[in-house]
Structure formats: structure tokens, C-alpha cells
Amino acid sequence: MAQSTSQEGRSILLINGPNLNLLGTREPEIYGSTTLQDVLDLAQKQAAELGVKLQTFQSNWEGAIVDRIQEARTQGVDAIVINPAAFTHTSVAIRDALLGVDIPFVELHVSNVHTREPWRHHSYFQDKAVAVICGMGTYGYTAALEFAARHMKLKKKALN
Ligand SMILES: O=C1C[C@@](O)(C(=O)O)C[C@@H](O)[C@@H]1O
């Protein structure tokens, strides 16, 4: 398939990692009071306005996230927006899955990980991400989706 030059028909997968199901109640002084459901509702509305298809997935399980990324390969997903949460700092498996499917991705964090504990400064994704967003609160999801829908260059899709 030829590389798409417009966002029309673009398919985006938004993945949220562990404990993000608790967004809104979890450490609100760090992550704010917006719930994951609020984030997803807003993202779907935004996707409709942008004319893109948005699939969403949250799991507390590393292997489930690996499986979902592999599934994206056969679903024609053009771009992935991922908040790997704690797996950011630990997961070679999720990194390998993203590289294995060869789908460009944006890494996203609600908090500014660089102002937090030193071990949060390292990410297994940042050197491979097209873009990294952090510290914008849940507005980061809006920014990431806008970028993925309008500005991200797509790779040629593997047809298998
Ligand atoms: O669970 C999370 C959330 C997070 O990815 C964020 O969105 O700010 C930052 C991670 O360090 C943390 O483990």
C-alpha cells in the first residue's frame, strides 16, 4: 500500500498501561482528576472530528499489551499512541513489540517524568518514539492524537 499523504482513513491505536485505569483518583496531585473514561470519551470525539479511526486499549498486564501491539499489525493501524506507565522504565518486551510491528508511535506521559524520581528519567521507548510528550497532564492525549492524525509520517504497511 502506498504511503498515505492525508489523515483520511488513518487508523490510530491508543494504549494505556498499568494503573492508568485509576486515572482521576490515583495520586491526583501528580496525575490530576480527569478519569481515563473522560480521556477516552474526549479522544473519540476528537478522532471523529479529525476523521480518523481510534481504537483504545488499557491493561495492567505486560503480555496483554504485547499481544495488542502484535494484533495492530494485522489491523492496518497506522500509528500508536502509548502511555506505557510503569512499563516505560522496565519493559524490553513492549519495546520489542513496537519495533517488531514497525508501526510509528508516540510515547506519552501525563506527568513530567523528568522532574520525578531519577529512575523515571529512563525510558525503553524514547529513542524509538517519533515524539515524546510529558508533563502536559491529560491534555497530552489531545496533543498526541492531533499529532498522530495530522502530522505523523506513515511507513509503508506490511501486507501480511
Ligand atoms: O504510571 C505511570 C504514569 C506515567 O506514565 C505518566 O503518565 O505520567 C509516568 C510513569 O512513571 C508512571 O509509572
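When a ligand or atom number is given, it counts from 1 through the structure's own listing order. What you see below is based on every heavy atom in this structure, not just the backbone, and it leaves out hydrogens, waters and symmetry mates.
Proximity of a side-chain donor or acceptor of D78 to a complementary backbone N or O of I12 within less than 3.5 Å is not detected. In this structure, T115 contributes its side chain and N112 its backbone to a donor-acceptor pair below 3.5 Å.
Nearest-heavy-atom check against atom 13 (O) of ligand 1 across R120, R26, H121 picks out R120.
Taking hydrophobic clusters as Ile, Leu, Val, Met, Phe, Trp and Tyr residues chained together by side-chain heavy-atom distances below 4.5 Å, V110 shares a cluster with F147.
Set against the non-hydrogen atoms of V113, the atoms of ligand 1 under 4.0 Å away are 9 (C), 11 (O). Short contacts between ligand 1 and H89, defined as distances under 4.0 Å to a heavy atom of the residue, involve ligand atoms 10 (C), 11 (O).
Looking only at protein heavy atoms, the nearest one to atom 7 (O) of ligand 1 is V110 N, 2.7 Å. Distance from atom 3 (C) of ligand 1 to its nearest protein heavy atom, with residue and atom name: Y31 OH, 3.5 Å. Scanning the protein for heavy atoms near atom 8 (O) of ligand 1, the closest one is S111 OG, 2.6 Å. Summary of contacts: the protein heavy atom closest to atom 4 (C) of ligand 1 is H109 ND1, 3.8 Å.
Residue L20 has no nitrogen or oxygen atom sitting less than 3.5 Å from a nitrogen or oxygen atom of ligand 1, judged on distance alone.
Counting heavy atoms under 4.0 Å from ligand 1, residue L108 does not touch it at all.
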Apply side-chain contact (heavy atoms from CB on, under 4.5 Å) to L36 and L22, showing your working.
CA-CA 7 Å; L36 183 60; L22 301 181; over 6 Å; no

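Of the candidates K45, Q44, Q37, Q37 is the only one forming a side-chain contact (heavy atoms from CB on, under 4.5 Å) with D41.
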